[in-house]
Engineer: 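If you scroll down you'll find the structure; I have some questions about it.
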Amino acid sequence: MNDKFVYAPGPTSVRENVRLERAKATTNPDIDLEFVEFYKYTCDKIGKIINTNNPVYILSGEGILGLEAACASLTEPDDRVLVLDNGIYGRGFKDFALMYGGEGVYFSDDYSKAIDVEKLRKFLEADHDFKYATIVHCDTPTGVLNDLSKICPMLNEYGILTVVDSVSAMGGEEIRVDDWKVDIALGGSQKAFSAPAGLTMVSISESAKVVMKNRKTPVVGFYCNLNIWENYYTDKWFPYTMSISDIMGLSKACDNILEEGVENVLDRHEKIAVATRKAVVEYGLNLFLEEGFSNTVTAVKIPENIGALKLKNHILNQYNTLIITSLKPYEDIILRIGHMGENARIEKIVYALNIIDKGLKDLEFKTDKDLVKLFNKYLKQ
């Protein structure tokens with residue numbers, strides 16, 4: 001299993017220095033005060049990457065924990081929650097609001113494009129009585145990227161808190177939490193940060209903290225209650241035993257980003273993403289999106305006579321390479337190229353594109369083009 005080449009939009013490849021960091025001997029995080037400082041230092045590094053002075057916390061649980069925790073901590077019975085829906089994950093946010101007694105209201109838009117900001121503005125002019133709104137930064141099944149720099153400040157003007165799922169964007173796409181008025185920003189260790197899966201990163205604005213603390217009803221449950229983190233540093237006490245090896249790995253992954261330089265990391269993602277999209281189109285395939293392309297995921301439409309599932313299975317069986325499709329209803333339509341984090345490296349994307357090229361031609365896709373040559377041509381431009 002270890003020699004299989006996996007190229008997916010998360011979990012991504014983990015650099016050797018991150019793997020080695022997790023192999024080090026650990027202390028007891030419940031009683032060692034030095035670990036409290038290490039945890040805080042790691043959170044501060046994440047804050048630099050996402051451009052915030054808000055408190056940042058690392059939760060022991062995969063990225064979806066953060067999504068549920070945000071909704072659990074903010075939602076009270078009958079609260080109206082605006083769910084921005086232009087993708088599968090965006091639409092799914094409503095389930096968390098309902099789970100904790102809220103009323104989810106959709107603003108639905110075209111799944112092949114980023115959210116239309118002017119259309120959203122008109123919607124809000126007619127109805128803006130919402131406690132908070134949920135937004136997906138990059139909706140992973142299609143790779144659509146929503147413009148937080150316009151959406152979140154607009155919602156803020158109406159006094160609507162913003163909960164942003166940036167799990168598949170954070171670290172590979174710019175996010176300026178403070179400048180863009182993001183109240184709760186959520187990331188995951190296994191995506192563009194290229195650390196092992198198992199951790200959620202969350203930043204919380206002062207406005208969101210006030211709302212969570214001044215609830216009329218208690219938060220349902222404990223693990224998803226973001227209030228339990230507020231005094232961990234002053235009290236030198238964690239709500240539960242922390243996943244210390246995972247946090248050590250994440251801290252080293254943050255070092256990798258900061259040492260390369262955040263702007264350089266973002267530039268690397270953009271160059272690879274643009275070259276990939278241009279190469280795919282010239283090769284003779286179509287992109288799923290019309291606009292709003294993320295630099296972390298490219299969704300490619302596979303011709304019906306081949307099918308995305310057949311191509312995925314052929315590539316796995318013939319070349320021991322796992323390149324995945326999308327979720328229903330796109331699982332047999334879209335093949336996803338996950339160029340994020342350590343996967344956004346030339347040697348890895350070239351290998352993946354070469355295998356996709358071979359697989360398509362094996363299944364009699366007609367083209368005289370070479371996907372890798374096209375990629376290299378556009379990468380140099």
Side-chain angles (χ1 to χ4, degrees), residues 7-21 41-53 56 58 63 136-138 140 143-149 164-180 182 185-197 199-203 247-278 292-298 336-353 375 378-381:
Y7 200 82
T12 56
S13 300
V14 177
R15 199 188 294 187
E16 185 178 18
N17 66 347
V18 175
R19 297 198 303 272
L20 291 173
E21 195 71 14
Y41 180 53
T42 303
C43 291
D44 290 344
K45 287 189 280 191
I46 295 166
K48 289 180 182 178
I49 293 168
I50 66 176
N51 298 287
T52 185
N53 292 313
V56 174
I58 302 167
V136 175
H137 194 183
C138 167
T140 330
V144 67
L145 186 78
N146 291 312
D147 191 345
L148 302 182
S149 70
V164 172
D165 168 4
S166 188
V167 171
S168 290
M170 188 181 288
E173 288 282 358
E174 183 177 42
I175 177 168
R176 307 194 67 84
V177 168
D178 293 355
D179 292 346
W180 296 350
V182 178
L186 303 158
S189 57
Q190 78 275 23
K191 300 285 189 173
F193 277 74
S194 284
L199 299 175
T200 293
M201 299 89 83
V202 53
S203 71
I247 294 170
M248 289 165 64
L250 176 60
S251 185
K252 180 60 67 173
C254 290
D255 289 341
N256 290 339
I257 293 173
L258 292 169
E259 287 169 9
E260 183 178 350
V262 174
E263 292 302 319
N264 293 331
V265 171
L266 298 179
D267 184 62
R268 169 164 56 84
H269 279 78
E270 182 177 14
K271 287 179 177 176
I272 285 177
V274 170
T276 298
R277 292 195 295 266
K278 289 182 176 179
F293 301 98
S294 168
N295 290 329
T296 58
V297 188
T298 292
R336 290 186 291 167
I337 303 174
H339 38 67
M340 62 169 66
E342 287 299 310
N343 286 6
R345 299 286 182 185
I346 293 173
E347 64 274 16
K348 289 191 172 67
I349 182 68
V350 163
Y351 188 92
L353 293 176
F375 172 81
Y378 286 115
L379 190 66
K380 295 174 183 177
Q381 292 183 355

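Hydrogens, waters and symmetry mates are skipped; everything else that's a heavy atom, side chains included, is used.
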Engineer: Do Leu250 and Ile46 come close enough that some side-chain heavy atom pair is under 4.5 Å?
Structural biologist: yes

Engineer: Examine distances only and state if a side-chain atom of Ser189 and a backbone atom of Pro196 form a donor-acceptor pair shorter than 3.5 Å.
Structural biologist: yes

Engineer: Output the distance between atom NZ (Lys271) and atom CG (Asn295), rounded to the nearest 0.5 Å.
Structural biologist: 12.0 Å

Engineer: Report yes or no: does Asn53 contribute a side-chain atom to a donor-acceptor pair with the main-chain N or O of Asp178 at less than 3.5 Å?
Structural biologist: no

Engineer: Verify, without hydrogens or angle tests, whether Asp165 (side chain) and Leu186 (backbone) share a donor-acceptor contact under 3.5 angstrom.
Structural biologist: no

Engineer: Taking all non-hydrogen atoms of both residues, which atom of Ser294 and which atom of Arg277 are closest, and how far apart?
Structural biologist: O-NH1, 3.3 Å

Engineer: For Glu347, does the CD atom sit with more than 12 other heavy atoms under 6.0 Å from it, leaving out its own atoms?
Structural biologist: yes

Engineer: How about Lys348 and Tyr351: do any of their side-chain heavy atoms sit closer than 4.5 Å?
Structural biologist: no

Engineer: If only atom types and distance count, is the side chain of Arg268 paired as donor or acceptor with the main-chain N or O of Gly341 below 3.5 Å?
Structural biologist: yes

Engineer: What distance do Glu174 atom CD and Asp179 atom CG have between them, rounded to the nearest 0.5 Å?
Structural biologist: 8.5 Å

Engineer: Counting C-beta onward and ignoring hydrogens, is there a side-chain heavy-atom pair between Ile58 and Cys43 closer than 4.5 Å?
Structural biologist: yes

Engineer: Taking the side chain as everything from C-beta on, heavy atoms only, tell me whether Glu270 gets closer than 4.5 Å to Leu266.
Structural biologist: no

Engineer: Taking all heavy atoms of Val136 and all of Asn146, pick out the closest pair and write down the distance.
Structural biologist: O-ND2, 2.8 Å

Engineer: Is the closest basic N to carboxylate O distance between Glu260 and Arg345 below 4.0 Å?
Structural biologist: yes

Engineer: Between Glu173 and His137, which heavy-atom pair has the shortest distance, and what is it?
Structural biologist: CB-CE1, 4.2 Å

Engineer: With no hydrogens and no angle check, is any side-chain donor or acceptor of Ser166 less than 3.5 Å from a backbone partner on Gly187?
Structural biologist: no

Engineer: Rounded at 0.5 Å granularity, tell me how far NZ in Lys191 sits from OG1 in Thr140.
Structural biologist: 4.5 Å

Engineer: Do NZ/NE/NH1/NH2 and the carboxylate oxygens of Asp44 and Lys48 come within less than 4.0 Å?
Structural biologist: no

Engineer: When you compare the side chain of Val164 with that of Trp180, does any pair of heavy atoms fall below 4.5 Å?
Structural biologist: no

Engineer: Which of these, Leu148, Asn51, Thr52, Val182, sits in a side chain to side chain contact (heavy atoms under 4.5 Å, CB included) with Arg176?
Structural biologist: Asn51

Engineer: Could you tell me which non-hydrogen atom of Ile337 sits nearest to which non-hydrogen atom of Tyr7, and how far apart they are?
Structural biologist: CG2-CE2, 3.7 Å

Engineer: Keeping the roles fixed (side chain from Arg336, backbone from Gly143), state whether a donor-acceptor pair exists under 3.5 Å.
Structural biologist: no

Engineer: Kindly compute the distance separating CD (Glu259) from CD1 (Ile257), expressed to the nearest 0.5 Å.
Structural biologist: 10.5 Å

Engineer: Nearest 0.5 Å please: distance from the CG atom of Leu379 over to the CD1 atom of Ile272.
Structural biologist: 7.0 Å

Engineer: Would you say Phe375 and Thr276 make side-chain contact, with heavy atoms under 4.5 Å?
Structural biologist: yes

Engineer: Report the distance from atom CZ of Arg19 to atom NZ of Lys252, rounding to the nearest 0.5 Å.
Structural biologist: 14.0 Å

Engineer: Give a yes or no on whether the backbone of Glu342 and the side-chain of Arg15 come within a donor-acceptor separation of less than 3.5 Å.
Structural biologist: no

Engineer: Measure across His339 and Val297 and return the closest heavy-atom pair with its distance rounded to 0.1 Å.
Structural biologist: CE1-N, 3.6 Å

Engineer: Between the side chain of Ser251 and the main-chain N/O of Ile247, is any donor-acceptor distance below 3.5 Å?
Structural biologist: no

Engineer: Which heavy-atom pair separates Ala253 from Ser194 by the least distance, and what is that distance?
Structural biologist: CB-O, 4.2 Å

